[in-house]
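What follows is a short report on a single structure.
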Protein chains: 2
Amino acid sequence: MSEDTRTKLLAGALEALVRNGIAKTSARSIAAAAGVNQGLVFYHFGSVDELLAAACRYGAEQRVAHYRPRFAEVRSFAELVRLGRDLHAEERDAGHVATLAQLLAGAQTRSWLAPATAAGLELWAAELEKVLERVVPGTPIEGLVDTRGLARALASGFIGLELYEGVDHEGAERALEALERLGDLVAVLDDLGPVTRRAVRARLRGAAGGTQGRSSARPPASPGGDGGEAPAAP
Amino acid sequence: MSEDTRTKLLAGALEALVRNGIAKTSARSIAAAAGVNQGLVFYHFGSVDELLAAACRYGAEQRVAHYRPRFAEVRSFAELVRLGRDLHAEERDAGHVATLAQLLAGAQTRSWLAPATAAGLELWAAELEKVLERVVPGTPIEGLVDTRGLARALASGFIGLELYEGVDHEGAERALEALERLGDLVAVLDDLGPVTRRAVRARLRGAAGGTQGRSSARPPASPGGDGGEAPAAP
DNA sequence: GTCTATACATGGATAGAC
DNA sequence: GTCTATCCATGTATAGAC
């Protein structure tokens, strides 16, 4: 069946990316991982790059769907950081974290891949944005920081941390630890009550001068969270 | 002269990475960029991977040295975020931002590259750490967040943002905007005076429970800053 | 739809001339 | 130290048999 072989190739492409990296992912290595003939890559997808683009969407959708229920449960910034750490640990073993990073690296110079990888990251960012919109109201940054922009910063920052993890496990752990501490701090800021919040916001309006956020976002912990709370690669 | 050719090859390797990405960077493409013969890659460095590892250190040292004076001038978190944006803009045009990301992606599956890329990122992280140690004292997170870990989170997060920039320029700009707003917020928090700081720290000690930072770090803005304030790739 | 065979290009690496 | 020539492996893509 064609559907079956297509799916095998999509999964094989992701596996080849995990095992070989973008540099050594070829029609042959994908076909080997998929257990099918090499020529079928071109029959079904036309070229290796088109298969990779399709695999990117496929993988991201799968992974995001898997974590969606857990994103939906997040009710505070501290919980988001914790989900980030869990996701990091779980996806790392399966190697899924690496694939989006590999595709992003490849997309820098292969224009075919850019839209697909941007869409893949977008799926994660959209989940994060939903969380932020739930979590931000009531915090000092409500109305000051663009939720959409912050979600994208967190998602892409997380990708960077995953790449770092691949070359320095201990360093990455320490980085995640630091972000978790920042998460604690944010939780405390939320607790300080409306007086402080109002003071912060009054100063911000006066001092910040420049652009102000469009929708809403969250305080400090979130930034550091870029590495800690964003979702993993597909 | 041998030194001359070696240097040409190092520069050629970086150029090839920018133009072709890790996937299409080969002894031949490097030699072409360097304007020398392909066989010299193997004569001088033994293999392509070893040349790439050397080029990684070479490029990172060059770039970090170039920005070191500006890092040294940073006196507040807001200034750090601003330097991050400047660095992002300047390095992007030269394509330097991309090389460390490409090497990191390659290092995930080519063990030869891992130590070299980790060292390259380390150079940037070390600069960031010095800044943090200057900027953190007096903020609520002093003594609560590990400066070293935070510096690494920011550096690697920045890499992720640079990769994102390559596939979605507008999205990345929006992400940077959001991080800058967070930077403003941190500045305000610093302004709120010792009363708030003390309240925050008292709560943190009670609530956070788990691990507490070893040296020092900074508040929220810093986290988001991962994308905005960390240094660019070499 | 799938596999085998095959063409042609590119890349890693070495030998030997200069 | 550097260049040319060359070998062999790997990769893209297509044609044609099943």
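Side chains are part of it too, since the values below use all heavy atoms of this structure and drop only hydrogens, waters and symmetry mates.
Side-chain contact between B/Glu177 and B/Arg85 is present, with heavy atoms from C-beta onward closer than 4.5 Å. Considering only heavy atoms from C-beta on, B/Leu10 comes within 4.5 Å of B/Leu51 through its side chain. Using a 4.5 Å heavy-atom threshold, the side chains of B/Leu113 and B/Cys56 count as separate. Taking the side chain as every heavy atom from C-beta outward, A/Glu122 and A/Arg152 approach each other to under 4.5 Å. In this structure, B/Arg19 and A/Thr109 have side chains that are not in contact, with every pair of non-hydrogen atoms separated by 4.5 Å or more.
C/dA13 atom C1' lies 14 Å from atom CG of B/Leu51, rounded to whole Å. Spacing between atom CD1 of B/Ile30 and atom C1' of C/dG12 amounts to 12 Å, rounded to whole angstrom units. Between the CG atom of B/Leu40 and the C1' atom of C/dA15 there is a distance of 14 Å, rounded to whole Å. For A/Arg6 and C/dT2, the CZ to P distance is 11 Å, given to the nearest whole Å.
The side chain of B/Ser29 contributes no N or O atom lying less than 4.0 Å from OP1 or OP2 of C/dG11.
In this view, B/Ala16 and B/Asn20, B/Thr25, B/Ser29, B/Ile30 satisfy the side chain to side chain contact (heavy atoms under 4.5 Å, CB included) rule, not counting sequence neighbours.
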Under 4.0 Å protein heavy-atom contacts per nucleotide of nucleotides 12-18 of chain D, with B for base, S for backbone only and - for none: BBB----
